[in-house]
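Worksheet: the structure to be examined is printed underneath.
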Amino acid sequence: MELFSQAMSSIQNGLNYASLKQKTISNNIANVDTPGYKAKTVSFKSMLQAEQDNLLKATRTDPRHFEFSTSSSSLGVATVHNAYQSNGNGVDVDKEMTDMAQNQLYYQALVDRMSGKFNSLNTVLRGGN
């Protein structure tokens with residue numbers, strides 16, 4: 001059953017990433033006319049590193065060892081410093097809409113995968129009927 005729980009945990013992490021990305025894209029689109037607003041993006045690598053930092057609570061046992069960084073305050077959200085409009089706004093609506101469509105496909109694929117896992121579990125619980 002360990003394999004099943006690891007798969008569900010991975011799917012859940014992917015869904016959390018897709019949800020944060022969707023919120024960030026929506027926020028960017030909502031601020032398309034805000035002067036000086038800089039578009040934000042979500043970095044999967046940063047989120048993965050933050051998750052690993054939380055899982056691998058490392059402790060220095062010797063002062064000669066490297067320090068461990070566990071700060072994950074930004075949760076993988078970074079600001080993009082591009083200005084696409086004359087008012088200093090950094091939101092490219094076409095890019096944001098494309099990113100949103102890709103993210104929706106990714107999210108739906110994860111939901112389908114999770115549904116398949118639940119259907120498999122349901123089949124096992126019913127005894128294969």
Side-chain angles (χ1 to χ4, degrees):
M1 207 51 142
E2 175 89 17
L3 180 63
F4 183 77
S5 64
Q6 284 180 343
M8 292 301 280
S9 178
S10 295
I11 293 170
Q12 181 182 0
N13 289 339
L15 289 170
N16 289 340
Y17 163 73
S19 176
L20 179 60
K21 186 166 183 164
Q22 186 76 8
K23 288 176 189 174
T24 304
I25 293 169
S26 298
N27 192 34
N28 287 343
I29 293 171
N31 286 292
V32 69
D33 292 325
T34 304
Y37 179 82
K38 302 300 180 199
K40 295 178 178 41
T41 185
V42 178
S43 169
F44 184 73
K45 183 177 178 183
S46 296
M47 286 191 66
L48 182 61
Q49 184 62 45
E51 186 67 28
Q52 286 177 344
D53 287 346
N54 288 335
L55 292 174
L56 299 174
K57 305 249 187 231
T59 307
R60 273 178 64 183
T61 57
D62 189 294
R64 295 173 290 176
H65 293 166
F66 288 113
E67 299 245 357
F68 295 99
S69 171
T70 58
S71 64
S72 59
S73 59
S74 66
L75 291 175
V77 178
T79 303
V80 179
H81 297 285
N82 294 331
Y84 294 105
Q85 300 176 23
S86 61
N87 64 2
N89 188 294
V91 178
D92 179 1
V93 177
D94 293 331
K95 179 189 177 308
E96 298 298 329
M97 295 302 285
T98 301
D99 289 348
M100 183 178 278
Q102 282 181 321
N103 191 55
Q104 287 172 338
L105 290 171
Y106 176 69
Y107 186 88
Q108 189 60 46
L110 289 172
V111 168
D112 289 346
R113 186 67 182 135
M114 184 174 278
S115 177
K117 289 287 185 186
F118 282 128
N119 286 338
S120 296
L121 184 60
N122 192 21
T123 301
V124 169
L125 291 174
R126 285 185 292 133
N129 295 327

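Values below: all heavy atoms of this structure, side chains included; hydrogens, waters and symmetry mates excluded. Sequence positions, counted from 1, serve as the residue numbers for this chain.
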Tabulate below the donor-acceptor pairs under 3.5 Å that side-chain atoms of residues 102-112 make, not counting sequence neighbours, or state none.
| residue | atom | partner | partner atom | Å |
| --- | --- | --- | --- | --- |
| N103 | ND2 | A18 | O | 2.9 |
| N103 | ND2 | Q22 | OE1 | 3.1 |
| Q108 | NE2 | D112 | OD1 | 3.1 |

To the nearest 0.5 Å, what is the distance between CE (M8) and CG (N13)?
11.5 Å
What are the two closest non-hydrogen atoms of T34 and N89, and how far apart are they?
O-ND2, 2.7 Å
Any pair counted as salt bridge (charged side-chain N to carboxylate O under 4.0 Å, His left out), so long as it reaches residues 87-96, sequence neighbours left out:
K95-D99
Where A39 and G90 come nearest, the two heavy atoms and their spacing:
CB-O, 3.1 Å
With clusters built from Ile, Leu, Val, Met, Phe, Trp and Tyr whose side-chain heavy atoms come within less than 4.5 Å, directly or transitively, what are the remaining members of the cluster of Y37, listed by chain and number?
I25, I29, V32, V91, V93, M97, M100
Quick check for you: to the nearest 0.5 Å, what is the distance between S26 atom OG and K21 atom NZ?
12.0 Å
So which atom in K117 and which in I11 form the shortest heavy-atom distance, rounded to 0.1 Å?
CG-CD1, 4.3 Å
Non-neighbouring partners of S19 that pass side-chain hydrogen bond (donor to acceptor under 3.5 Å, both in side chains), sequence neighbours left out
none
